[in-house]
Structures are given as structure tokens and as C-alpha cells.
There are 2 protein chains.
Amino acid sequence: MLRRMNGPVTLRDVALAAKVSVSTASRALTGAGLTSRGTEQRLQRIAAELGYRPNTLARGLKTRSSKLVGLVVHNLTNASFRVLAEVVGERLRAAGYQMLLCVTSDEPERERETIATLTDQRVDGLIICPTGRNGAQLAMLERGNTPVVCVVRQDPAAEAETVLAADPEGAYAGTRYLLELGHRRIGLIVGRQETTSGRERLSGYRRALEEAGLPFLAELVHAGPYVPETGLAGCAALLDRPHRPTALFVANHESTLGVLRGVAERGIAVPDGLSLLCYEDMPGLAWQRPAISVVDSGAVAMAELAADRLLQRLGGGAGAALRRGQEYRVGARLIRRQSCSPHTEA
Amino acid sequence: MLRRMNGPVTLRDVALAAKVSVSTASRALTGAGLTSRGTEQRLQRIAAELGYRPNTLARGLKTRSSKLVGLVVHNLTNASFRVLAEVVGERLRAAGYQMLLCVTSDEPERERETIATLTDQRVDGLIICPTGRNGAQLAMLERGNTPVVCVVRQDPAAEAETVLAADPEGAYAGTRYLLELGHRRIGLIVGRQETTSGRERLSGYRRALEEAGLPFLAELVHAGPYVPETGLAGCAALLDRPHRPTALFVANHESTLGVLRGVAERGIAVPDGLSLLCYEDMPGLAWQRPAISVVDSGAVAMAELAADRLLQRLGGGAGAALRRGQEYRVGARLIRRQSCSPHTEA
DNA sequence: CTGTTAGCGCCTTCAC
DNA sequence: GTGAAGGCGCTAACAG
């Protein structure tokens, strides 16, 4: 039972040792039941003894399936992306796929390269938070029969299915919560209006105000990129004024860090001096004292859904067809903790 | 210039279009200068026009190199692992490799499976934070000429190079800093003593105390797993007592969250009522008010070094040889912010 | 149920 | 400098 060379044990080695043809060995080990019960077990045993492991590359070359799926996100700092990476990775693993994780920093050029490389690797599928500038390439992938699922952001040109957060509803629910607590001057710190989430969260806020018969005041809104500095600047813009808001809605967790600092530096007590509500949950917020109330954007659900859709399409069974442009929304959820209190004053 | 079928453009298509043999096309495109300047450029152009992209699987099958590298970590919550994923991913990408990210939850069985799968995928290399129970498999990889670099934790059986934090020195430096501020009763909340980092950070603390001529008091130490709850429990154990410590050293960032809450709930002012020093930096800590002083364990440097060593060994140039059992330590760094103040009292 | 034959797409001797 | 031929390890017809 000597092997002819060093290097990994190949199917040929197993076949040789078992005195059968390579194809029989293949059939026995892929276990589709295309061989007699006896040889199947015998080959399984011999393969195990020899420490045989199939070469995924060779198999993939033949079957046109690499068992690789790309996950493309902007970074790993954002809690949603982190959740995405963990959840999707786990789901894929359970289904026999491996995850190629790529970070684009939200730069179109990087994204372009990334998609190209993943294509070269012949990934079986792709889950991506698109920049919106490489939709054509994504559409090309779909056309080449490689399923693509967009998450968090949309890219119409990609013609792919998309899993989004219910941002308009989430922001509406959050604002509404503050209104029901009696707040009338509600500040909003929100993402750049060039992004979908930035726009949608602002619109949810506006709608809640309108329904409550309150005017929309631009002076109560501060928009900026998804970084802590935005929160800090927002505090300066909204809190350092005579008639300051009694509640502050911070529409992303990156800005929240800056707001926490801005509020602390001004010696403002939460929730007595200011009610604080944030968007997107992350571990740190529940551990703050007072614990920060949030609108959870549902990152886990988004990740699960994205994985579901991709796996279904990979599986080829029911629901495997591309639902072109189909848009899924996962619900946001208000989590009441300690940072918001009723406002009782004219 | 019609292609015979749908599906990706193959090298053969390019050769056909250029009226050269497949091998010439191959040589021209791999660009080793084995063909005439003219045909090389011509083929580059034609390939580009046709949108040719090499099939990594096929190439890998031949060259025995998948251009894939596995990164195996326990989770993506821990800041060091996150940094590892981002930095290593970027370094690999720049070097033409793709990263297969795998999460083991620190479970040996999961790790075993993961290593097996990565082996099947014929990864060119592996960076792993080992559980310590699958060293034999890792050693097997090395023997099969696949470089392995261990990070954060060691696994003697793996016989691999290892990049570690300088935990003994870091904990020593942190404790020493508090001592120099005049503190004499310094509490320590530290990781489980079954882990290397848990033991090493405790030992650094002890050494600093001894050097200062202070006794080691078990009552000032609380050990537990890397979760916020440990910090909360540690507060109960160390702060709810008559003669409480004047400074608290929290030796991992997971516990820090719990400590922040525990301290806030007790109405203890930082740093006046208690100096607080944490281990492992993360974005949130710098944004806290007061900003939390930390001993940065050097996750970025560890990631860089691990990537360096792996790429060197993959590159095959100088320094490509395995330095069996070689252990690298990256320095910890004290970052003074606002959470520690001098203790001035008998 | 099993063996034989043909590739998957690419690289790489070996000739010319 | 270029072409022809063989094979990486595996699977999938096609025969028997």
C-alpha cells in the first residue's frame, strides 16, 4: 500500500490501493449510491486510511463549482458588516461553501477589482454591499449564472435581488417613540444624503413629524459621514444653542460614539437633560449606563435572509430562480432601554 | 471574432482569435517575456477586448497554487481579530492572494473541520489563532509545504512560526504606570488562567508589584472569560468592599464594557474616585468621556507581522524558510488618556 | 455495477 | 519565438 510519491493522496492512489478504476473510486466516494454497497464502504475505508482528501480545485474545474462564495463589504468596523460576516460565514459553512471576505472601503475602484478577482476565482455566488458604481459588472455575473445578492444598499444596474433594512419604517418608529414621550424638539444626526440609508432615515423622521403636525426644522438636523466625528460636530451644531432639542435621534452607530462624548463633555445628563435614541444596535450600547435605547436595524435578519436567498439560488431547487430586482426588507425593531424619558413641559 | 459558446472566455478563445497556439497565448499573457514583444502586446489587447480572465481553478490545478490563504479566528467581535481580518485581508489582496475567513468560536472540533476544509481548498498558506488542540493537523500542513503562521495564541505541536503580543511586558508596563501614579492597591480583572494571555497578563502584573515591593493580594484579582459579564462581576468582587482599590486594571476589552457599567452604576467617578486602565484598544474607548487609557496590545503590528511572515514564505525568496517554532513578539504600547490620575494619600 | 474514454482550462516540457 | 503534446485531479458520458 505504498504511494508512489509524496504530496497529497490522490483519487488515483485510492483506486490503485483498492484495485478499482478511478471512476469507481470517484463514484464510491461522492456517495451518490452509484456503486455497490460493498465497494462503497471498502473505498470509504481505504480512502480514510490513506488520508485521502478530494482536491477542490480539480473538482471545481470539472463541475464548474468552486464552492466559494464572495462576501464584499465596506469594512469590518460597522456592526452590520461584522454581523453579516459572522452570520453569512456560518450559514455558508453549514451548506458546504467557503466564504471569501473582501473589504472595499466603499471605493468603486476597489470594488471593481474585487469583483474581477472573485470572478476569476469562479465564486459560485456573491453577497455584496455595492458602492453603486459597478452594477454592470454585477449584472454580468448574474448573466453568467452566478447569483448575486445585494445587501444594505441597492444597485439598480446590478439587476440582482436586494436585502435592505426597513430604514424608513425604523426611523419613523424611532421618531414616533420620542414624540409619544412628549418630545417636540427632536434633533437628528443622520448619514450623508448621498446614501440610501441617509435619505431613508431622514424621510422616516420627517414623516413622523408631519403626522404629528410638527414642522420640519432644518436647524435640528445634522448630516455627515459615518464616523464618530459627525456625532461630535452634530452636538456642537444642535446642542450649543439657546432653545436646544429635548431629544436626539442619532441615526447610525458610528456617529453615536461622538455624540456620547459630546453629551458627556457638555455635562448633559441622559435621559433627564436629553433623551438619546440611536440607530443600529451594538454590544457597547447595551452596556453603557444609562443603557442606550436603539432602533435595531436588524442586521442579523438581513444576513440570514441574504444567505437564505443565495443558498436557495445555489441549491437550484424551488425558489432558485432569480427574482430580478426583487427587494426584501427586514423589519427594524425598537429596543427601549434607559436613555429616553418622557418630556413633561410646555 | 465570434466565440463558439457562451460561458467565460477561455485562453483557447483568445488563441483562436489571435491565430496563435494556446501555449503562445499563455506565455504572452503570463508575461514572463517568453514571447516576442509584438505578439505579447497583441495578445494582451485581444484578451482585453474579448474580456478574457484566467480561470484560477485551472491555473491552480496546474501550478499547485490556489492563491487562497486561510485566516482562522475565534470570532469577529474581539477587536484584535477584527483588525487581523482587515489588515491581513488587505495585505494578501495587495500580494495577489484572496482571504478565506473562517470563524471557529474557539471550539477544537470546529477548528478541525475548518483546517480540513482549507486543506481541501488547497490554500497556499494559513494564518490561525489556534485552539491548541489541532496542532498535529497544522504540522501536517507545514510538512505538506503549506506555510502556517499562528497568531495571538501558541500551539507547540503545530511547529509553526508564531506571532504573539508582548503580554507579560504590556501588563507589566500598565501596572507600573499605575504604580508610578502612586497607586498601591491595584485591582486586576483578567482572563481565564487557562489561556496564555490570561496567565501572561497576570504574571506581568505580579512582577510589577514585586518590583515595587508590594505583596500580591489574591483578593484584588478577579479572573473570568472574555465577556462583559466578567467585568461586571469583577466590579462586584473588587469594588464592593471597605478598603477598595484606588486603581483598576482591566486586562481585556470584552470585560471593559462590564466594568464601565459597574463603575457607573456605583456612581464612582473616573479618574478621581478610581483610576481605570484597560488592555487592548478599541475605537469606543477613545471616545468615552473620560477617555479610557489603555495598554494597546498591538493588534495591527501583529497582523502586519503575521502577514509579512506568511507572504515571505509564500514568496520563496529570502526569509522563505520555515523558522520552526520561531516566536515573534510585538510590543505593547501604553496610551495615556484621561482615566488615570495620581493617587495622593497615605 | 464497473471500466474506458474524454475532457474541464491552463501551464510546461519538448521539439522545431 | 512558437507549436504540439501531455497532464494537473477529478467527473461524466458511454459502453459493457
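Just so you know, these numbers use all the heavy atoms, side chains as well, and skip hydrogens, waters and symmetry mates. Source: prediction; values computed, not measured. To find a chain, count down the sequence lines: A is the first, B the second, and so on, and within it residues start at 1.
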Has Glu161(A) got a side-chain atom pairing as donor or acceptor with Arg323(A)'s backbone, closer than 3.5 angstrom? yes

Is there a donor-acceptor contact under 3.5 Å linking the side chains of Thr63(A) and Ser65(A)? no

Are Thr114(A) and Thr117(A) side-chain neighbours, meaning at least one heavy-atom pair lies under 4.5 Å? no

Provide, to the nearest angstrom, the distance between the CZ atom belonging to Arg12(A) and the C1' atom belonging to dG3(C). 15 Å

Taking it one step at a time, do Glu49(A) and Arg45(A) satisfy salt bridge (charged side-chain N to carboxylate O under 4.0 Å, His left out)? CA-CA 6 Å; Glu49(A) 281 172 6; Arg45(A) 189 175 48 72; 3.1 Å; yes

Kindly list each side-chain donor-acceptor pair under 3.5 angstrom involving residues 148-160 of chain B, sequence neighbours excluded, with atom names and distances?
from, atom 1, to, atom 2, distance (Å)
Arg153(B), NH1, Asp106(B), OD1, 3.4
Arg153(B), NH2, Asp106(B), OD2, 3.0
Gln154(B), NE2, Glu327(B), OE1, 2.8
Asp155(B), OD1, Ala157(B), N, 3.2
Asp155(B), OD2, Gly135(B), N, 3.3
Glu159(B), OE1, Arg324(B), NH1, 2.5

Listed partners of Phe81(A) passing ring-ring contact (aromatic ring centres under 6.0 Å, His included), at least two apart: His74(A)

Rounded to whole Å, the CG-P distance (Leu11(B) to dG3(D)) equals 12 Å

Under the salt bridge (charged side-chain N to carboxylate O under 4.0 Å, His left out) test, which residues partner Glu113(B), sequence neighbours left out? Arg93(A)

Could you go over nucleotides 14-16 of chain C and give all protein N or O partners under 3.5 Å, atom names and distances?
none

Spacing of Asp13(A) atom CG relative to dG9(D) atom P, expressed in whole Å: 9 Å

Can you check whether Ser21(A) has a side-chain N or O nearer than 4.0 Å to OP1 or OP2 of dT2(C)? no

Taking the side chain of Thr30(A) as heavy atoms from C-beta outward, which of dT11(D), dT2(D), dC10(C) is closest to it? dT11(D)

Which one, dT2(C), dC10(D), dC11(C), comes nearest to the side chain of Pro54(A)? dC10(D)

DNA chain D nearest-nucleotide lookup for Arg122(B) and Ser23(B): closer to the 5′ end is Ser23(B)

Could you tell me whether the phosphate oxygens of dG1(D), OP1 or OP2, come under 4.0 Å of any side-chain nitrogen or oxygen in Thr39(B)? no

Does Arg112(A) have any salt bridge (charged side-chain N to carboxylate O under 4.0 Å, His left out) partners at least two apart in sequence or in another chain, and if so, which? Glu109(A)

Near DNA chain D, under 4.0 Å by heavy atom, which residues of residues 55-69 of chain A? Asn55(A), Ala58(A), Arg59(A), Lys62(A), Thr63(A)

Is the shortest side-chain N/O distance from Thr10(A) to OP1 or OP2 of dG9(D) below 4.0 Å? no

Nearest whole angstrom, please: distance from the P of dC1(C) to the CG of Leu43(A). 14 Å

May I have the distance from Lys19(B) (atom NZ) to dT2(D) (atom P), rounded to whole angstrom? 16 Å

Contact class for Ser36(B) (heavy atom, under 4.0 Å): base, sugar-phosphate, or nothing? sugar-phosphate

Could you tell me whether Val20(B) contacts a base, only the sugar-phosphate backbone, or nothing, with contacts defined as non-hydrogen atoms closer than 4.0 Å? sugar-phosphate

Can you check the Leu29(B) CG to dT2(D) P distance for me, whole Å? 13 Å

Between Asp124(B) and Lys67(B) (side chain of the first, backbone of the second, donor and acceptor by atom type, cut-off under 3.5 Å), is there such a pair? yes

